[in-house]
Amino acid sequence: MRATEEIERAVDVLRAGGLVAFPTETVYGLGADASNPAALRRMYAVKGRPSTHPVIVHLGDPEQLDEFARDVPDDARALALSCWPGPLTVIVLRDPARVCGEATGGLDTVGLRVPDQPLALELLRAFGGAIAAPSANRFGRVSPTSADHVRADLDGDVDLILDGGPCAVGVESTIVDCSGTEPSVLRLGGVPLERVAELLGRPVGVRDAGQMRAPGTLAAHYAPRAQVVVVGHTAVAARASQHLAAGRRVGLLALAARVPDVVPEGLAILKPPGDDAEYARVLYARLREADQLGLDVLLAVPPPTRGLGAAVADRLRRAAAAAAH
Ligand code: TXA
Ligand code: MG
């Protein structure tokens with residue numbers, strides 16, 4: 001099928017209340033018409049997500065911000081205009097006529113973003129309205145960064161999967177809550193914290209998981225079946241030996257520069273990323289590989305927590321916390 005025909009089909013599916021999985025620069029989304037309550041209920045059912053958890057609403061053009069939100073604060077506008085299209089979500093008051101409560105778990109706020117992915121933009125612009133889309137994985141599982149990941153998780157339950165190849169960023173959007181008196185970051189992601197602070201012209205706080213209502217921020221999230229253990233690179237050899245001696249299958253995920261020269265026999269080294277951007281891009285695929293290899297334990301050395309490294313370290317921490325449950 002030609003790309004334009006596929007987009008036309010996807011638009012028809014959305015208009016009929018169906019579900020379309022589509023690529024974004026961060027992860028694949030499970031899309032439904034944000035103004036159609038029945039479509040949204042089906043999306044929540046397929047995702048297996050509680051209907052009280054809000055999803056992100058995607059727009060095709062930064063100019064649409066005021067169409068779907070009301071009383072947009074200057075901070076939100078500045079962030080949106082500088083980062084869109086791009087991996088940043090702003091939480092603002094929703095316009096109830098354009099975004100229905102089913103998309104936001106009944107909250108009077110909405111998370112909006114314009115994704116930076118050609119197929120996604122084509123779809124959004126052809127559709128004209130807003131597309132509500134959580135990541136296209138079952139609730140609590142690793143986010144999909146390829147169409148194959150979506151198929152593995154949701155095949156049969158979505159009406160159409162648009163294949164845009166692997167995601168260029170690989171971790172979810174940074175979420176900035178602009179609905180209170182002072183902006184705060186709810187989720188680290190594709191736009192580094194340093195960049196958010198620079199655009200706001202002042203430091204910005206990160207609200208910790210306990211205070212948050214965002215499920216993407218639940219401690220137990222982003223987990224493969226293998227137990228993820230976050231370790232410093234100097235501890236890799238000792239920890240690996242310990243788990244191997246107990247008869248477990250053990251793997252290592254670390255930046256190339258942090259893979260020890262000498263490693264215990266039997267340790268499976270997953271293809272190491274060269275820098276933090278590549279670490280972000282391949283992270284979820286590597287977590288899936290850990291399961292395909294049948295690993296019991298994945299030792300993960302986080303990158304330095306600057307730039308995209310902060311989001312990678314955050315996801316590894318959450319995956320490790322999930323394994324501890
Ligand atoms: O990169 C992304 O953001 C991807 C792609 C598909 O755009 N989407 C994504 O969606 O990660 P999801 O549903 O897996 O995570 C959305 C996060 C959740 O943690 C949700 O609670 C939070 O955004 N969120 C959405 N609307 C919110 C609101 N009104 N208030 C607070 N948190 C909100
Ligand atoms: Mg998600």
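Just so you know, ligand 1 is whichever comes first in the structure, and atom 1 is the first atom listed for that ligand.
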*Would you mind reporting whether Arg94 and Thr109 have side-chain heavy atoms less than 4.5 Å apart?*
no
*Can you check whether Leu107 reaches Ser179 side chain to side chain, under 4.5 Å on heavy atoms?*
no
*Taking heavy atoms and a distance under 4.0 Å, where does Arg49 meet ligand 1: side chain, backbone, both or neither?*
side chain
*Side chain, backbone, both or neither: which part of Arg113 comes within less than 4.0 Å of ligand 1 when only heavy atoms are counted?*
side chain
Hey, which atoms in ligand 1 end up nearer than 4.0 Å to a heavy atom of [X]?
X	answer
Leu107	28 (C), 29 (N), 30 (N)
Glu172	1 (O), 2 (C), 11 (O)
His58	5 (C), 6 (C), 7 (O)
Ile175	17 (C), 22 (C), 23 (O)
Ser173	1 (O), 2 (C), 3 (O)
Ser135	9 (C), 10 (O), 12 (P), 14 (O)
Pro134	10 (O), 12 (P), 13 (O)
Thr26	1 (O), 2 (C), 4 (C), 5 (C)

*Is the distance from the Mg ion (ligand 2) to the nearest N/O/S atom of Ser135 under 2.8 Å?*
yes
*Using distance alone, with no hydrogens and no angle criterion, decide if Asp148 and Ser146 have a side-chain donor and acceptor under 3.5 Å apart.*
no
*Polar side chain donor-acceptor pair, Arg315 to Tyr284, under 3.5 angstrom*: yes
*Residues Arg113, Glu172: salt bridge by 4.0 Å N-O rule*: no
*When you measure from the centre of the six-membered ring of Phe139, is the NZ or CZ of Arg49 under 6.0 Å away and within 45° of the axis?*
no
*In terms of heavy-atom contacts, does CD of Glu63 have more than 12 from other residues, nucleotides or ligands at under 6.0 Å?*
no
_Looking at Arg306, I want to see if its CZ is surrounded by more than 12 non-hydrogen atoms of other residues, nucleotides or ligands under 6.0 Å._
no
*For Tyr28, what residues pass the ring-ring contact (aromatic ring centres under 6.0 Å, His included) criterion, not counting sequence neighbours?*
none
_Tell me whether His53 reaches ligand 1 (any heavy atom closer than 4.0 angstrom to a ligand atom)._
no
*Return yes when Thr104 approaches ligand 1 closer than 4.0 angstrom through a heavy atom, no otherwise.*
no
